[in-house]
K.L.:
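First the structure, which I've put down as structure tokens, then a few questions once you've had a look.
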Amino acid sequence: MSYYDHKEIEKKWREYWAENQTYKVEEDYNKEKFYVLDMFPYPSGAGLHVGHPLGYIASDVYARYKKALGFNVLHPMGYDSFGLPAEQYAIQTGQHPAVTTKTNIEGGVDKAGNQISGYRSQLDQMGFSFDWSREVRTSDPKYYKWTQWIFKEIFNSWYNNDTNKAESIDTLVDRFETEGNANVNAVGEQVAVFSAEEWNSWDVAQQREMLMNYRLAYLADSWVNWCPALGTVLANDEVKDGVSERGGHPVEQKLMRQWSMRITAYADRLLNGLDEIDFTDSLKEQQRNWIGKSKGASVFFDVADSDKKVEVFTTRPDTIFGVTFMVLAPENELVDEITTAEYKDAIAAYKQKAALKTERDRQANVKDITGQFTGAYAIHPFTGDKVQIWIGEYVLAGYGTGAVMAVPAGDQRDYDFAKHFGIDIPNIFEGVDISEAAYAEKDAVLSNSDFLNGLDAKTGIEKAIEEIEKRGFGKGKINFRLRDAIFSRQRYWGEPFPVFYKDDVPYLIEDALLPVTLPEVDKYLPTEDGEPPLARANEEDWEVFAGDRMEYNTMPGWAGSSWYFLRYMDPHNEEVFADKKKLDYWNQVDLYIGGAEHATGHLLYSRFWTKFLCDRGYISFEEPFKKLINQGMILGRSSFVYRMLFNTNLEETNPDMDRYIRSIISPIFVSYNYKRLLVSNTGKLSDPDQLKKGELDAKMFKIEDDVQNEIKGRVNPEIYSNFKFRFSNFTSPNHVDISLVDNDVLNQELFKKWRPEYENCRFIDEDGKYICGNEVEKMSKSKYNVQTPDELVEKFGADTLRCYEMFLGPLEQFKPWDVKGINGVNNFLKKLWRLFFTDDVFAVSEGDPSKENLKTLHKTIKKVSEDLNRYSFNTVVSTMMIAVNELNEQNCNNKHILENLVILLAPYAPHIAEELWSKLGHNESVTKAAWPTFDPAMLVENSFEYPVSFNGKMRFKIELPTDLSKEEVEKEVLAAEKTAQYLEGKTPKKVIVVPKKIVNVVV
RNA sequence: ACUCGAGUGGUGGAAUUGGUAGACACGCAAGACUUAAAAUCUUGUGUCCAUUAGGACGUGCGGGUUCAAGUCCCGCCUCGAGUACCA
């Protein structure tokens, strides 16, 4: 085989790898480990486009590099195979989601008869070094058995603020039994104090109900994001702009009994942990904002003529003397209790109006100020003044206490509210004008504020909290925006809970009976009375059943993905979720690659579960992912054809005829460079454009004439006498399939066959070529700009595609896909191949390499290693290209040089590397070869070509020995012939010499 | 509005700690091979001026620091991403 036959080579080595289990990894406790992980994919039926494997290629390159460096590398892959799309498809087709999921992964034919190649084979053809023996699927009962087990652990835990750790619920029960809850410092709901005697006197149901307030996985009535279209609740991170992230359906607030995870217990640790991990700043920032820590105070205001109190949270307790009213969220429980008889109806009406609005409506109408007075008054704790209590939509039920103390002088929303309802706006800042707007900056000095007068915000806040605590109506408090995570979904295709109910009290299924598998149901829809699909299953449909009924909810998508990276360490263990020794060995993920869209979902939840499992002693690290790289999206390059618009003169007089004539005139498309001239008839045209415009006019004229004549025989003469076909100056751009376009030139024949309506279309082309316009957009079927890896692998091979995707640009960046460029990379591999051949015969020379050869090699080893160390995947390809170009020029076919070159290339182009490696006489896979060592001695030069600049401008170069001192270099430069020319007779003020870098002469 | 990120040839991009801006590739142009096309190879290719020699300008815009700025500092503009009544 003398030419580079990628098909043959790639097939051969893929088979070799599979047969020899080249990528199988074992724990080797004497070897240093490295864990490279990709965010695992949801196996959709649509398959992969070129954007999907980008991150996998990068991680594969890195994994192979680390392995060559001698690390024991764990690099697994699996599927996040529970989820909505499979279930929606199941609802439509009645096919079990397990079946479609399996087809999407393993290939087959879907219900509509489409051939699906399957994720696995698409991944395999890319030559990835995944250890498939460790594959996990979240929907596999053997896997979700342990997801259920972890749920049980979380359920059986509480958060002890004193130890700042999750502990077994047994330690809590012990304390309740001996001392009650008075001294328990736990994260949880506010509960009344009880004694040990009281606890011991309760029955099991009462005790379990109390424990719910403490458990880290708990069942409670909570305000949830209810999405009627999807028939399920959604977590906060699954709602974007008030609609569901998947599908964009409206979401409303609803009070429902739901499972939740007490992630708020970990808010502070999730925040602090960010300092220890290497994520991008923007991602850390997103998590910080999501957690939303704010310091302030919680203050109680007595309600006048009542024993009720309103608790508020404020970050500006220093502005408390500016309080002129209070506002509660409409959903706040206190509202009904304090509303006076007089205002009952108005309040009820307002509440109802608010409840009907979707999340989105409430967000959209930020500018609309609404609210309603309750009739009740609160007592200002310092001044004793009576202040009105209102309810208003701008106060969120879910944040803080669902109530605010309104300080119109210092908060714009309060200011607007006060203005709108005519409430006082007393100024509490010295020398600040608040006639137009509130003053929210923290640099103003307080006034009209009793003991706080003269203080700035910082000291004022401290002083205020001190005083509030002293007088006993509040205390300093830290508040988080982060909410507990809703953990149930009213869906079928998810993990069933290991939970059953007896007398409406939830109990756990014992470990020995796990997993609780999904029962068969007749339909994947809610029941008539609105229960989740699992309620359709009868007792006998459940493999595991206990109590009165099983839990009907299933777990959310993030359950399985929160811990999968641990299961890869020991995927087939049936005794524990993973063996402790293996967990300790593989430890954290050293490099994690995936999209940034998981910033506040998966990446936060898995950090939470990791901390939990660490607290409970199952693992020995708190952060799952040491370093994370977000790969940027590969955008599509869409091509456009421009359809000419025209007038018929009949639009008004005879619209029916107009429509008829339009229907019989085949589309006319104008080439891009002409279209430009059509639209830009303003301003002066350049001479060539002027010429082109002339051409265009002539062509348009001709077609106008042709069309005019063609119509003649097809309509009656009377109508024809009024018919005048004239092009307008406008065109309508239509997407055209990129497979019909080569280098912006449209294949006119194929285009005519593409769609029946284009069969007889006409082109106004340029010298026979129709040039398409283009635009960079997201890849999507509807834009006909999707590039699948399959056709490229077929045409150029996986090695070329791998190199090209890396070559495209920095991994993190968004970049447009340009098919053209792939030729260059393919050429590079062909050139490389040819280095090994002389006159079509494989031939390498055994002798010592030349100094030049060695210099090229070691320069390359150095740069490739450095670049990989800083994850600069794109520049490595350029470096390899330079090396091949240089070796080509040097006519190098030295065995030593080429062997090392092959090892350097192997992470990027493993197939061709294996082939050349074996041709070089090796019997083992190139993946077993050690990374070459850089020898600085090979790069030592005895002369350097100094760029000489004058006043910072480079003028000429001069070759000088490297062992010259600065002074000698200066002397040589000043003596140089060209120097005089640039000095123009002046004497240099100063000469800067940076050895082996630059010389700058200041004149 | 706020937070983060990014603006470099016709295009993707390189320049790692301030030290030759535009590496490497695409595209384009010219040439070689060919009956022709494709493929391949060679040469050129930031812009402007100049026949050449050479010169001027040049990393979004305006300032500054420095012998020297794509890189550092200040102000602004544009684009992208995220968040959005968070008290």
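If you're wondering where the values come from, they're calculated on a predicted model, not measured in any experiment. Residue numbers start from 1 in every chain, and the chains themselves are labelled A, B, ... in the order their sequence lines are given, proteins ahead of strands.
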K.L.:
Could you classify B/G70 for me, syn or anti, using a glycosidic angle within 90° of 0 as syn?
P.N.:
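It is anti.
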K.L.:
Counting only Watson-Crick pairs (N1-N3 plus N6-O4 or O6-N4) and G-U wobbles (N1-O2, O6-N3), all under 3.5 Å, who is the partner of B/U51?
P.N.:
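Answer to the pairing question: none, since B/U51 forms no Watson-Crick or G-U pair.
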K.L.:
Have a look at A/Tyr804 and tell me which of A/Phe796, A/Phe828, A/Trp817 forms a ring pair (Phe, Tyr, Trp, His ring centres under 6.0 Å) with it.
P.N.:
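Among the candidates, only A/Trp817 passes.
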K.L.:
Do A/Lys293 and A/Asp268 sit within salt-bridge range, that is, some charged N less than 4.0 Å from a carboxylate O?
P.N.:
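The answer is yes: the pair qualifies as a salt bridge.
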K.L.:
Does B/U3 have OP1 or OP2 under 4.0 Å away from a side-chain N or O of A/Ser282?
P.N.:
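No, outside the criterion.
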K.L.:
Check RNA chain B against residues 869-887 of chain A and give the residues with a non-hydrogen atom under 4.0 Å, in numerical order.
P.N.:
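Output list: A/Arg870, A/Asn874, A/Thr875, A/Ser878, A/Met881, A/Ile882, A/Asn885.
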K.L.:
How many Å lie between CZ on A/Phe814 and P on B/G82, as a whole number?
P.N.:
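Taking CZ of A/Phe814 and P of B/G82, I get 8 Å after rounding.
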K.L.:
Under a 3.5 Å cut-off for both distances, is B/C57 Watson-Crick or wobble paired, and to whom?
P.N.:
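Its partner is B/G46.
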K.L.:
Please determine, for B/A36, whether a Watson-Crick or G-U wobble partner exists with both distances under 3.5 Å, and give it or none.
P.N.:
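Checking every strand shown, B/A36 finds no partner, since no pair has both distances under 3.5 Å.
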K.L.:
Taking any strand in view, what nucleotide pairs with B/C72 in a Watson-Crick or G-U wobble way, both distances under 3.5 Å?
P.N.:
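By the stated definition (distances under 3.5 Å), B/G64 pairs with B/C72.
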K.L.:
In this structure, how many angstroms lie between the C1' atom of B/A87 and the CG atom of A/Leu328, rounded?
P.N.:
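Checked: the CG to C1' distance equals 13 Å.
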K.L.:
Would you say A/Lys815 reaches B/G12's phosphate, i.e. side-chain N/O to OP1/OP2 under 4.0 Å?
P.N.:
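Negative; the distance criterion is not met.
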K.L.:
Pick the C1' atom in B/A21 and in B/G58, then give their distance to the nearest Å.
P.N.:
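Result for the C1' pair: 9 Å, nearest Å.
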K.L.:
Expressed in angstrom and rounded to an integer, what is the separation of A/Ile478 atom CD1 from B/A87 atom P?
P.N.:
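Whole-Å distance recorded here is 13 Å.
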K.L.:
Which comes earlier along RNA chain B counting from the 5' end, the contact point of A/Thr600 or that of A/Ser294, where each point is its nearest nucleotide?
P.N.:
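Per heavy-atom nearest nucleotide, the more 5' residue is A/Thr600.
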K.L.:
Considering only side-chain heavy atoms of A/Asp281, which listed nucleotide, B/C67, B/A87, B/G5, is closest?
P.N.:
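That would be B/G5.
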K.L.:
Between B/G7 and B/U16, how far apart are the P atoms? Round to whole Å, please.
P.N.:
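Per the computed distance, 13 Å lies between those P atoms.
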K.L.:
If pairing requires Watson-Crick or G-U wobble contacts with both distances under 3.5 Å, which nucleotide is the partner of B/G12?
P.N.:
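With both distances under 3.5 Å, B/G12 matches B/C24.
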K.L.:
Any N or O donor-acceptor pair under 3.5 Å from the base of B/U11 to the side chain of A/Lys820?
P.N.:
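Flag unset: no donor-acceptor pair detected.
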K.L.:
What nucleotide among B/G19, B/G13, B/C26 has an atom nearest to a side-chain atom of A/Asp818?
P.N.:
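Of B/G19, B/G13, B/C26, B/C26 is nearest to the side chain of A/Asp818.
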K.L.:
One thing to verify: whether A/Glu331 and A/Lys351 come together as a salt bridge, which I'm taking to mean a side-chain N less than 4.0 angstrom from a carboxylate O.
P.N.:
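Salt bridge: no.
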K.L.:
Phosphate oxygens OP1/OP2 of B/A25: is one of them under 4.0 Å from a side-chain N or O of A/Asn827?
P.N.:
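No.
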K.L.:
With rounding to the closest Å, how many angstrom separate the C1' atoms on B/A6 and B/A56?
P.N.:
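B/A6 and B/A56 have their C1' atoms separated by 31 Å.
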K.L.:
Nearest to the A/Val1002 side chain among B/C67, B/C26, B/G13, which nucleotide is it?
P.N.:
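So the nucleotide nearest the side chain must be B/C67.
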K.L.:
Write down the distance separating the P atoms in B/C24 and B/A15, rounded off to the nearest Å.
P.N.:
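Between the two P atoms, the distance is 14 Å.
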K.L.:
Sequence neighbours excluded, which residues qualify as salt bridge (charged side-chain N to carboxylate O under 4.0 Å, His left out) partners of A/Asp411?
P.N.:
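If we apply the salt bridge (charged side-chain N to carboxylate O under 4.0 Å, His left out) test to A/Asp411, skipping adjacent residues, the hits are A/Arg413.
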K.L.:
Quick check for you: among B/G19, B/C41, B/C86, whose closest atom lies nearest to any side-chain atom of A/Arg834?
P.N.:
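Looking only at heavy atoms from C-beta outward on A/Arg834, the closest nucleotide is B/C41.
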K.L.:
For residues A/Glu311 and A/Thr401, is any side-chain donor paired with an opposing acceptor at under 3.5 Å?
P.N.:
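Distance-only check fails for A/Glu311 and A/Thr401.
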K.L.:
Expressed as a whole number of angstroms, how long is the span from A/Lys989:NZ to B/U66:C1'?
P.N.:
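From A/Lys989 NZ to B/U66 C1': 14 Å.
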K.L.:
Paired with B/G80: which nucleotide, if any, by Watson-Crick or G-U wobble criteria at under 3.5 Å for both distances?
P.N.:
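B/C4 is the nucleotide pairing with B/G80.
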K.L.:
On RNA chain B, compare the nucleotides closest to A/Val825 and A/Pro816; which residue's is nearer the 5' end?
P.N.:
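Its nearest nucleotide lies further toward 5', so the answer is A/Pro816.
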K.L.:
Could you identify the nucleotide paired to B/G31, looking across every strand shown and requiring Watson-Crick or G-U wobble geometry with both distances under 3.5 Å?
P.N.:
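B/G31 is paired with B/C41.
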K.L.:
Quick one: A/Arg955 CZ to B/U20 P, roughly how many Å, whole number?
P.N.:
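Distance, rounded to whole Å: 16 Å.
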K.L.:
Before accepting this row, confirm whether a basic side-chain N of the pair A/Arg316/A/Asp318 lies closer than 4.0 Å to the acidic partner's carboxylate O.
P.N.:
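Counted as a salt bridge, because a side-chain N and a carboxylate O are separated by less than 4.0 Å.
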K.L.:
Ion pair present between A/Glu886 and A/Lys859, side-chain N to carboxylate O less than 4.0 angstrom?
P.N.:
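Result for this pair is yes, salt bridge flagged.
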K.L.:
Looking at B/C26, B/G19, B/G82, which one has an atom nearest to any side-chain atom of A/Gln286?
P.N.:
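Looking only at heavy atoms from C-beta outward on A/Gln286, the closest nucleotide is B/G82.
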K.L.:
Have a look at A/Glu866 and say if it touches a base, only the backbone sugar-phosphate, or nothing, with a 4.0 Å heavy-atom cut-off.
P.N.:
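Here A/Glu866 touches the bases of the nucleic acid.
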K.L.:
Compare the minimum distances between each of B/C26, B/A87, B/U40 and the side chain of A/Lys830, then state the nucleotide with the smallest one.
P.N.:
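It is B/U40.
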K.L.:
For the aromatic rings, using the six-membered ring if either is Trp, is the centroid distance between A/Tyr415 and A/Phe417 under 6.0 Å?
P.N.:
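No, too far apart.
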K.L.:
What nucleic acid atoms does A/Ile992 come within less than 4.0 Å of, heavy atoms only: base, sugar-phosphate, or nothing?
P.N.:
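Base, at least one base heavy atom under 4.0 Å.
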K.L.:
Please tell me which of the listed nucleotides, B/C85, B/C4, B/C86, lies nearest to the side chain of A/Arg481?
P.N.:
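Shortest atom-to-atom distance from the side chain points to B/C86.
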K.L.:
In whole Å, what is the span from the CD atom of A/Glu597 to the P atom of B/G82?
P.N.:
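Going from CD in A/Glu597 over to P in B/G82 covers 10 Å.
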K.L.:
Counting only distance, no hydrogens or angles, is the base of B/U16 paired donor-acceptor with the side chain of A/Lys863 under 3.5 Å?
P.N.:
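Checked by distance alone, the answer is yes.
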K.L.:
Mind checking A/Phe807 for me? I need base, sugar-phosphate or nothing, with any heavy atom below 4.0 Å counting as a touch.
P.N.:
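Base contact - A/Phe807 has a heavy atom under 4.0 Å of at least one base atom.
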K.L.:
Within the 4.0 Å heavy-atom criterion, would you say A/Lys953 contacts the bases, only the backbone, or no part of the nucleic acid?
P.N.:
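Touches sugar-phosphate only.
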K.L.:
Report the C-alpha distance between A/Val323 and A/Phe301 in whole Å, list the side-chain angles of each, state the deciding distance to 0.1 Å, and finish with yes or no for side-chain contact (heavy atoms from CB on, under 4.5 Å).
P.N.:
CA-CA 11 Å; A/Val323 172; A/Phe301 284 63; 4.2 Å; yes
K.L.:
Taking only residues two or more places apart in sequence, or in another chain, which ones meet A/Lys978 in a side-chain hydrogen bond (donor to acceptor under 3.5 Å, both in side chains)?
P.N.:
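Per chain and number, A/Lys978 pairs via side-chain hydrogen bond (donor to acceptor under 3.5 Å, both in side chains) with no residue.
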